[in-house]
Amino acid sequence: MAPKVLMVAEKPSIALSIASALSHGRMSTRRGSTDVHEFDGMFQGFHAHFKVTSVAGHVFSLDFPSTYQNWEATDNLDLFQAPVVKLESNPKGHICRHLSQEARGCSYLVLWLDCDREGENICYEVIECTGFNENEVGRKILRARFSSVTEKDILEALENLVKPNKAEALAVDARQEIDLKVGVAFTRFQTRYFQGKYGNLDSRIISYGPCQTPTLGFCVQRYMQIMTFKPEKFWYFSPYIIKDGYELQLEWDRNRLFDFDVAAMFQKLVLDQNILEVTGVSKNEENKSRPCGLNTVNLLKVASSALALGPHVAMQLAERLYTQGFISYPRTESTAYPASFDFRNVLGAQQNNPIWGNHIRSLLTDGFHKPRMGSDAGDHPPITPMRAATEEMLGNDAWRLYQYICQHFIGTVSPDCKYTRTKVEFTSGGELFHCVGLHVSTKGFTSIMPWLAVKEKNLPQFTKGEKINIIKMDLQEGSTAPPDYLSESELISLMEKHGIGTDASIPVHINNICERNYVQVNSGRRLVPTALGTTLIRGYQSIDADLCLPDIRSFIEHQITMVAKGKADHSHVVQHVLQQFTQKFSYFVKKIENMDALFEAQFSTLAESGRLLSKCGKCTRYMKFISTQPARLYCTSCEEVYYLPQNGSIKLYKEFACPLDGFELVLFSMSGSDGKSFPLCPYCYNSPPFEGITTLFGSIKLGNSGKLGKGAGMPCFLCPHPTCRHSMITQGVCACPECSGTLILDPISAPKWRLYCNICNCMVSLPQGAHRISTTSNRCPDCDSLIIEVDFNKKTTPLSDGATLYSGCILCDELLHSLIEMKHGKSFFRRGRGRGRSRGRGGRGRARGGSKNDDPKMSFRDF
C-alpha cells in the first residue's frame, strides 16, 4: 500500500497551486474546513498518495485564560506573570480538527507555510494539530522552502525539503507573549483611567504597544518640531544673464545669508562691477545607477508616496498578487538576487505586454544586465513578477502595484542611465556663481521607470575668461520653513532604521495608530497627530520617555533575533523583558497624575460632556449620553460610567424601565440599512444579572460590526427574565436556522417588520406593511415557537374574509410562512406538523453574555 503524504499550505489558493503543479491537474477535490486535493504521484523515489490542504493563517491566537479577562477583577500588574493559552483563532472553522482528521494514516507531513518566522511558527501549530511527533518512528515531518507559487519553484522546493526551524518559531512565541502582556496591561489601565474621567477622547480604547507607541512617537516628534519652529529671515540674490538667446539664472555659491546688511554689501560689490567672468567650464560623464531588487519596505514606501496606497492596503494587495501567482513572496528584506536566479525566464513571461514588451524584447536580444549588488538578508529573493497579467484581471489598485513591481524588476536588469554634467563657474566682485547643464546620452533603466529620469537642461557654449553683462540681480528675502508632517514613506524609513516592527508588521502598526484616532492621514498621505495622540506621547515623556522611544523595542527585537538564531533561550528572554516592563508599569501607575495633568488641559471631563438622555436607576437623575468613542452614559450624581455598544446610534426607548434595576432603557441601532435595533438596560449591559451570561457572550457577533464593544454584557435580546416585555423570553420567536441563537422581534422595524438572530447575522422579513406585529404568551404545540399576532393593513390584508387580525406560528402556519423571507443566512425551511421538534424544544436559543469590561479583542499584533 502506497504511503500517504499530507501537505499543508498557509492559504487555500496556495494549496490549490501546489496540488495543480504536482498532479499536473489530475486530482480530485473534496470540501472540508478547507479544500483537500488528492492525487497519486512520486515522492522521494517511491509511489505515494498525496493530500494537499491548508490553514488560513495562524491556527491559534495567544490570549489570557478566562480568569484574567475581567477588567474589574484582574490586577493589571498580575498580567505580566499570568499564564497564557493558545486558542483556536477561528473555532467555527474547525481547522485543528480538520488537520487532525486528514493526518490519520499519513506517514509524511510536508509543511508549505510562508517562509518567514511567522510561517515557521504556523508550522508548529500545524504539527500540534496533526499529532505528528518529530521523534516518532514511521512518521516524518518535512518543510518546503519556496518564494513563489510557480510550478518551477514548487517542484524545486519538493526536491529540497528540509526540517522546520524550531528556534524561529519560538522567537515568534516570545514576541507574541511580550506584546500581549505589555500591551494589555498598559491598555487596560489607561483605558479605564482616562475614559472614566474624560468625555471627548474619541477613541474606543486608549492603547499602548511596544511597537505601536514608538511609531506614534515619530509622528508626534515631527509635529512638535513644526509647532516649536521659529522662522528666520534670510536674503539671497541670483544674477540673470543672456547668452546666445538663452536667459540663465545663476546660483550664488553662498546660497543665502541671515544678515541683511552683509547680503546687501555683497550685492553692491557685484552690482558695482556688473560684469561676470567665466572662471571655469567642466564636463563630467556621470551614471545614474539602476535600482537594486525590490524588498517589502521599499515597496511600501513607493506604494504610499507614488501610488497613494496606504501600507496596510498595499500589503493586502501584494499578498493577493502572491497567492494568485503573479508575484513572488512579498515579505522580504533582501535586495540581492541569488546567483541561480533565472532572469531570462522572468523577462520572457513579460515580453508580450503592450506597455513594456518592446523594452523587454530589446533586453533579450541585446543582452540584459546583472542587477546591482544589494543586501542578502537570507530570507527570500526580492519581489519579482512571476507571470503576466492585465488590468482587467487584477483591478485598478492591484494592477498599479503589479505594474510598479514589473517596471522595477525590468529596471534592475536594464543599463544605467548615462548623462553629461556641465558646470560653468563665474565670478564678480569677489563673489562666486555657477550654473549646471545636463544632457542624457543613454536613458537606460529610466526608459522603463520614467519618474526617475534625469531632467535635461541645455546650456549655451561658454569659454574660460569670457565676460558677460548682468541684466538683473535683485536682493530677495525669504524665510526658513518648518518641516512638513511625516509622510507614511518617511515613517516606514524611520521604523526600519530603528528596528520597529518587521516587514510584515510595519503596515499593521501604522494602520493601528490611524484606526485608534492617534493620527489622521492628510493629503499627500501625511500623518498628523490628533490631540489624543500628542497628549499620550507627551504624557509618556513626562513619566518615562523609554515607553515611547524606539530604543527599547530595538533591544527586544535584538533579543528575539538571538532566540531565532538559537543563541538565547526563549523563556529567559521573555522573563527578562517582562521583568523590565513590570517595573516600568509600576512606576507609570504611580506617576499617572503627570499624564493626567496633560489630559485635563486638553479634554473635557465627563460632567462637561454629552447631553442628558435617560434616568439612572440608582438616583433617578438623568444621565448624560457621550457619543464620542467609546459611546457611554455618565451619571453625574453617582459618578458612574456605563458603556454602550459601538458603531451605531443610541436614543431613549419610550421611557421604558428595566424591572430589575429601574434604569431607563435605551435603543441601539446598528449602522447600515439592515442594521439591527435592540433595547438594553445600561446597568444590565455592564453588569449582567443572570448567572451564565458573563461566560457566553464573548463570541457573539452582530452583523459586520463585530463585538458589541468594551463593557459588552447583556442587552435585552439575551435577557432570560421570564416576564419583562423586552426580554429574549417574551420577544424571542423561534430558534435561528443558522446557529444556536434565537430570532427576536425587532421592536422598531415597522412597517418593514423583521426578526433578527441574537447571535449571528440571520434576518427574517415578516409580513410587510402591517400596522402592528407582536409576540404573544402562547407557544406552537408542534415546534414550541412563540405565536405572533399580526394586525394587517386593511387595504392589503391577505385574509380572504377581509379581516385584519391574525395570529399563528411563522414556521407551521401556512399563511404566515408564505409571507416570510430570509434576508441573510441559509434557507429557512418550514417545519411541518410532527417535524417541528427537529431542532429541539425551546427554540429560544441560549442566552449569552460577557463579563464586565470584557477586553476588546486585541491580539499581540495590535501592539
Side-chain angles (χ1 to χ4, degrees), residues 75-77 79-80 178-179 181-230 482-483 485-486 491 494-495 498 500 509 512-514 516-520 527-556 577-606 608-609 628 862-863:
D75 186 336
N76 292 316
L77 197 60
L79 293 174
F80 290 97
I178 291 168
D179 288 354
K181 290 183 173 180
V182 173
V184 171
F186 277 90
T187 297
R188 285 187 185 182
F189 173 71
Q190 291 179 171
T191 301
R192 289 183 61 199
Y193 187 91
F194 292 114
Q195 285 184 353
K197 295 188 71 172
Y198 303 101
N200 58 338
L201 300 178
D202 201 21
S203 184
R204 189 171 63 90
I205 53 173
I206 313 299
S207 61
Y208 173 86
C211 282
Q212 172 203 125
T213 304
T215 301
L216 173 62
F218 290 131
C219 301
V220 173
Q221 182 183 30
R222 176 63 63 87
Y223 169 79
M224 297 307 296
Q225 289 173 355
I226 295 170
M227 292 297 104
T228 58
F229 184 84
K230 293 181 180 179
Y485 291 103
L486 270 185
L491 178 58
L494 286 169
M495 294 174 73
H498 293 279
I500 302 299
H509 300 312
N512 282 343
I513 64 173
C514 296
R516 288 165 193 174
N517 194 39
Y518 297 159
V519 299
Q520 293 177 340
L527 302 168
V528 181
T530 62
L532 177 58
T534 304
T535 306
L536 274 174
I537 294 299
R538 291 180 61 207
Y540 296 132
Q541 290 171 339
S542 70
I543 299 173
D544 182 355
D546 280 350
L547 292 174
C548 58
L549 291 176
D551 307 57
I552 196 164
R553 185 65 196 189
S554 297
F555 168 75
I556 294 173
V577 173
L578 290 178
Q579 189 176 19
Q580 288 186 319
F581 270 103
T582 301
Q583 295 171 353
K584 287 183 173 296
F585 179 77
S586 297
Y587 185 75
F588 180 75
V589 171
K590 289 177 183 177
K591 297 292 184 179
I592 191 63
E593 291 82 5
N594 294 0
M595 183 183 277
D596 190 34
L598 298 171
F599 271 75
E600 190 173 359
Q602 185 66 52
F603 300 104
S604 302
T605 63
L606 288 173
E608 299 168 332
S609 306
T628 53
D862 293 320
F863 303 111

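For the atom pair CZ (Arg192) and CG (Asn76), the distance works out to 7.0 Å, reported to the nearest 0.5 Å. Between the CD atom in Gln541 and the CE atom in Met224 there is a gap of 7.5 Å [rounded to 0.5 Å]. Remark: Leu547 CG to Ile552 CD1 distance equals 6.5 Å, nearest 0.5 Å.
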Pair Asp551, Asp546 - check side chain to side chain contact (heavy atoms under 4.5 Å, CB included), show working. CA-CA 7 Å; Asp551 307 57; Asp546 280 350; 5.9 Å; no
Test side chain to side chain contact (heavy atoms under 4.5 Å, CB included) applied to Gln520 and Leu527, step by step: CA-CA 6 Å; Gln520 293 177 340; Leu527 302 168; over 6 Å; no
Audit row: Met595, Ile543, side chain to side chain contact (heavy atoms under 4.5 Å, CB included) steps and yes/no: CA-CA 7 Å; Met595 183 183 277; Ile543 299 173; 4.0 Å; yes
Ile537 vs Leu216, side chain to side chain contact (heavy atoms under 4.5 Å, CB included): CA-CA, chis, key distance, verdict: CA-CA 8 Å; Ile537 294 299; Leu216 173 62; 3.7 Å; yes
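Applying the side chain to side chain contact (heavy atoms under 4.5 Å, CB included) test to Leu494 and every residue at least two apart in sequence or in another chain returns Phe218, Leu486, His498.
A tilted orientation is assigned to the rings of Phe80 and Phe585, their planes being inclined by 30° to 60°.
Using a 4.5 Å heavy-atom cutoff, the side chains of Val589 and Tyr193 are not in contact. Contact check for Pro214 versus Leu549: no side-chain heavy atoms found under the 4.5 Å cut-off. The closest side-chain heavy-atom distance from Phe581 to Ile556 is below 4.5 Å. Pro529 has its side chain within reach of Tyr485: a pair of non-hydrogen atoms, C-beta onward, lies under 4.5 Å apart. Considering only heavy atoms from C-beta on, Ile592 comes within 4.5 Å of Phe194 through its side chain. Tyr223 places a side-chain heavy atom less than 4.5 Å from the side chain of Met227. Counting heavy atoms from C-beta on, the side chains of Phe599 and Leu532 come closer than 4.5 Å. Contact annotation: the side chain of Thr582 approaches that of Leu77 to within less than 4.5 Å [non-hydrogen atoms, C-beta and beyond].
Without hydrogens or angle criteria, Gln212 side chain to His509 main chain gives no donor-acceptor distance under 3.5 Å. Using modelled atom types, one side-chain atom of Thr187 and one backbone atom of Tyr208 make a donor-acceptor pair closer than 3.5 Å. Of the possible donor and acceptor atoms, one in the side chain of Thr628 sits under 3.5 Å from a partner among the backbone N and O of Gly199. Remark: side-chain polar atoms of Asn200 are not paired, donor with acceptor, to backbone N or O of Phe603 under 3.5 angstrom. Gln195 places a side-chain N or O within donor-acceptor distance of the main-chain N or O of Arg204, the cut-off being under 3.5 Å. Within the 3.5 Å criterion, the main-chain N or O of Tyr198 finds no donor-acceptor partner in the side chain of Thr605. Put simply, the side chain of Asn517 never gets that close to the backbone of Ser203: no donor and acceptor are under 3.5 Å apart. Panel note: side chain Thr535, backbone Leu598; no donor-acceptor pair is recorded below 3.5 Å. No donor-acceptor pair under 3.5 Å is formed between the side chain of Thr213 and the backbone N or O of Cys548.
Across all their heavy atoms, Lys181 and Leu578 have their closest contact at CD-CD1, 3.6 Å. Closest of all the heavy-atom pairs between Tyr540 and Ser207 is OH-O, 4.1 Å. Minimum interatomic distance between Cys219 and Ile513 (heavy atoms only, all atoms of both residues): SG-CD1, 4.2 Å. Scanning both residues, Asn594 and Ser542, for their nearest heavy atoms gives ND2-O, 3.4 Å.
In summary, Arg553 and Asp179 engage in a salt bridge, as defined by a charged side-chain N under 4.0 Å from a carboxylate O.
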